[in-house]
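This report refers to the structure that appears directly beneath it.
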Amino acid sequence: MEVFDYDDVQLIPNKCVVQSRSECQTTCELGGRRFKLPVVPANMQTVINEDLAVSLAQHGYFYVMHRFQPEKRLGFVQHMQQQQLFASISVGVKPAEYELIDQLAQQQLIPEYITIDIAHGYSDAVIDMIRHIKKKLPQSFLIAGNVGTPEGVRALENAGADATKVGIGPGKACITKIKTGFGTGGWQLAAIRYCAKAAQKPIVADGGIRTDGDIAKSLRFGATLCMIGSLFAGHEESPGKKVEQDGQQYKEYFGSASEYQKGAYHNVEGKKLLVPYKGSIYNTLQEMQEDLQSSISYAGGRDLRALKTVDYVILKNTIYNGD
Ligand SMILES: NC(=O)C1=CN([C@@H]2O[C@H](COP(=O)(O)OP(=O)(O)OC[C@H]3O[C@@H](n4cnc5c(N)ncnc54)[C@H](OP(=O)(O)O)[C@@H]3O)[C@@H](O)[C@H]2O)C=CC1
Ligand SMILES: Nc1nc2c(ncn2[C@@H]2O[C@H](COP(=O)(O)O)[C@@H](O)[C@H]2O)c(=O)[nH]1
């Protein structure tokens, strides 16, 4: 298998078929809904909260609410659906999560999207939870992860997942690679390609996106959607704490497996960092849209499909295998 990451690859332009980049469509379909962009802010406590979830849904963007205030999820689904907005929640795999699914089913509160959010998703724990959700809430569109191999993708799809999330350790707040020696950190783009070849259903590329061009590259190598943390954590609407250092403004961004999230230093695989403050998230989303429209025009098309087949070169290889 060829290993490479986002920085190692450049896409090759085709003849342009539009008069203006504004003609290029960046919308993507997932679970029967169409969204403005193939990106979603990560389901992390410093990236998304209820207010931002409402606002993103109202503005036509996909969102996934985090699972770190577990007791609020039932009310959250109710709140979203009362406003005629889609509900998209995260769950884990512990016994209390089974109770939540049972309660939602009993009350006929059916989230339009559920994401199983676990570090090591190629596991019986996730397969059992997929089966439980599909039995109790069959109408919910179910994203399951995270995995990093084709075998993982197939196992979760075969259990009933409607999409799988790929990425073990490429995140900016991640220290999994250092702490465990495992993961797709450093070769996330190749892992997307490797997993997408095996997938029958959509793939979510999770972690490692550092520039808007990386979104186009993810789609080229088989992703339907990109989950992004650090690039979305620095906004006015982001829930992380705003801090000032040496006259510059920042926002706190911490890993979901960090001691800041867990409240204790056990099984820590995440860290805290500061990301530059960037104003409104909607300016960033607008810039992402414009950049992706440009990507589509370079691909020689009018919509995201054009990106899926463009040629590419591997410029260099940043993976030295320990040399
Ligand atoms: N994408 C990524 O690379 C990573 C993401 N994360 C994020 O951190 C958060 C916490 O994740 P997670 O710890 O899975 O969630 P939980 O703390 O909810 O743990 C879920 C269950 O899986 C078990 N578990 C966790 N890691 C492993 C493992 N490596 N092997 C076997 N069992 C395991 C836990 O038990 P026990 O704790 O007792 O082992 C627990 O029973 C999530 O939001 C996740 O997305 C974390 C690390 C990597
Ligand atoms: N290994 C860890 N990964 C984590 C942790 N918290 C979140 N994440 C993953 O990172 C992405 C976001 O990545 P980014 O590069 O866009 O910042 C997120 O969606 C999770 O999959 C963690 O504590 N450890």
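Whatever order the structure lists them in is the order used to number ligands and atoms, beginning at 1. Throughout, numbering of the chain's residues begins at 1 and tracks the sequence.
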Protein heavy-atom contact under 4.0 Å for [atom]?
atom	result
atom 8 (O) of ligand 1	yes
atom 23 (C) of ligand 1	no
atom 44 (C) of ligand 1	yes

What protein heavy atom sits nearest [atom], and how far away is it?
atom	answer
atom 16 (P) of ligand 1	R67 NH2, 3.7 Å
atom 5 (C) of ligand 2	S256 N, 3.6 Å
atom 6 (N) of ligand 1	A119 CB, 4.0 Å
atom 11 (C) of ligand 2	D206 OD1, 3.4 Å
atom 24 (N) of ligand 2	E269 O, 2.7 Å
atom 1 (N) of ligand 1	G167 O, 3.2 Å
atom 20 (C) of ligand 1	I118 CD1, 3.4 Å
atom 31 (C) of ligand 1	H120 CD2, 4.8 Å
atom 41 (O) of ligand 1	K94 CE, 3.8 Å
atom 39 (O) of ligand 1	N267 OD1, 4.8 Å
atom 16 (O) of ligand 2	G229 N, 2.7 Å
atom 23 (O) of ligand 2	A257 N, 2.7 Å

Less than 4.5 Å apart, side chain to side chain, heavy atoms only: is that true for [X] and [Y]?
X	Y	value
D291	T211	no
Y122	T164	no
S258	K272	no
I296	V18	no
Q45	Q261	yes
F232	L285	yes
M227	V64	yes
E237	D51	no

Which option, C174, P41, G167, owns the non-hydrogen atom nearest atom 3 (N) of ligand 2?
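Checking each option, the heavy atom nearest atom 3 (N) of ligand 2 is found in C174.
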Minimum non-hydrogen distance to atom 13 (O) of ligand 2, winning option of G171, P170, A233
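Considering heavy atoms of G171, P170, A233, the nearest to atom 13 (O) of ligand 2 sits in G171.
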For ligand 2, which atoms sit closer than 4.0 Å to a heavy atom of [X]?
X	result
M227	19 (O)
G207	13 (O), 15 (O)
T176	1 (N), 2 (C)
G270	22 (C), 23 (O), 24 (N)
I228	16 (O)
G208	14 (P), 15 (O)
M44	6 (N), 7 (C), 18 (C)

Neighbour count >12 (heavy atoms, 6.0 Å) for atom [atom1], [X]:
X	atom1	value
R305	CZ	no
K179	NZ	yes
E71	CD	yes
Y282	OH	yes
K135	NZ	no
R21	CZ	no
Q200	CD	no

Which atom pair, heavy atoms only, marks the closest approach of V39 to M288?
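Looking at all heavy atoms of both residues, the closest pair is CG2-SD, 4.1 Å.
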Side chain, backbone, both or neither: which applies to N146 and ligand 2 if a contact is any heavy-atom pair less than 4.0 Å apart?
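It is the side chain that touches ligand 2; the backbone stays farther off.
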Give the intermediate values and the outcome of side-chain hydrogen bond (donor to acceptor under 3.5 Å, both in side chains) for residues T284 and H235.
CA-CA 9 Å; T284 295; H235 296 97; 2.5 Å; yes
Give the atom numbers and elements of ligand 1 that come within less than 4.0 Å of a heavy atom of [X].
X	answer
I168	3 (O)
T176	47 (C), 48 (C)
N146	1 (N)
S256	7 (C), 8 (O), 9 (C), 43 (O)
D117	42 (C), 43 (O), 44 (C), 45 (O)

Taking the non-hydrogen atoms of R210, is any one of them nearer than 4.0 angstrom to ligand 2?
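Yes, R210 has heavy atoms under 4.0 Å from ligand 2.
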Any heavy atom of Y253 sitting closer than 4.0 Å to ligand 2?
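Judged by the 4.0 Å heavy-atom criterion, Y253 does count as contacting ligand 2.
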Is the shortest N/O to N/O distance between N43 and ligand 2 below 3.5 Å?
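No, no N or O pair falls under 3.5 Å.
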Worked check of side chain to side chain contact (heavy atoms under 4.5 Å, CB included) between K72 and M65
CA-CA 11 Å; K72 288 194 167 178; M65 185 59 190; over 6 Å; no
Closer than 4.0 angstrom: is that true for some heavy atom of [X] and an atom of ligand 1?
X	result
G207	no
A257	yes
G169	yes

Indicate yes or no: does D5 engage K217 in a salt bridge with an N to O separation below 4.0 Å.
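Looking at K217 together with D5, the answer is no, because their closest N to O distance does not fall below 4.0 Å.
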Take D102 and H132 through the test side chain to side chain contact (heavy atoms under 4.5 Å, CB included) and record every step on the way to the result.
CA-CA 9 Å; D102 293 346; H132 187 70; 2.8 Å; yes
Is [X] close to ligand 1, meaning an N/O of one under 3.5 Å from an N/O of the other?
X	result
V93	no
E269	no
F68	no

Check the orientation of F76 and Y63. Use parallel for under 30°, tilted for 30 to 60°, and perpendicular for over 60°.
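Correct class here is perpendicular.
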Y277 six-ring face occupied by K242 cation (under 6.0 Å, within 45°):
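Judged by the rule (NZ or CZ under 6.0 Å from the ring centre, within 45° of its axis), K242 counts as positioned above Y277.
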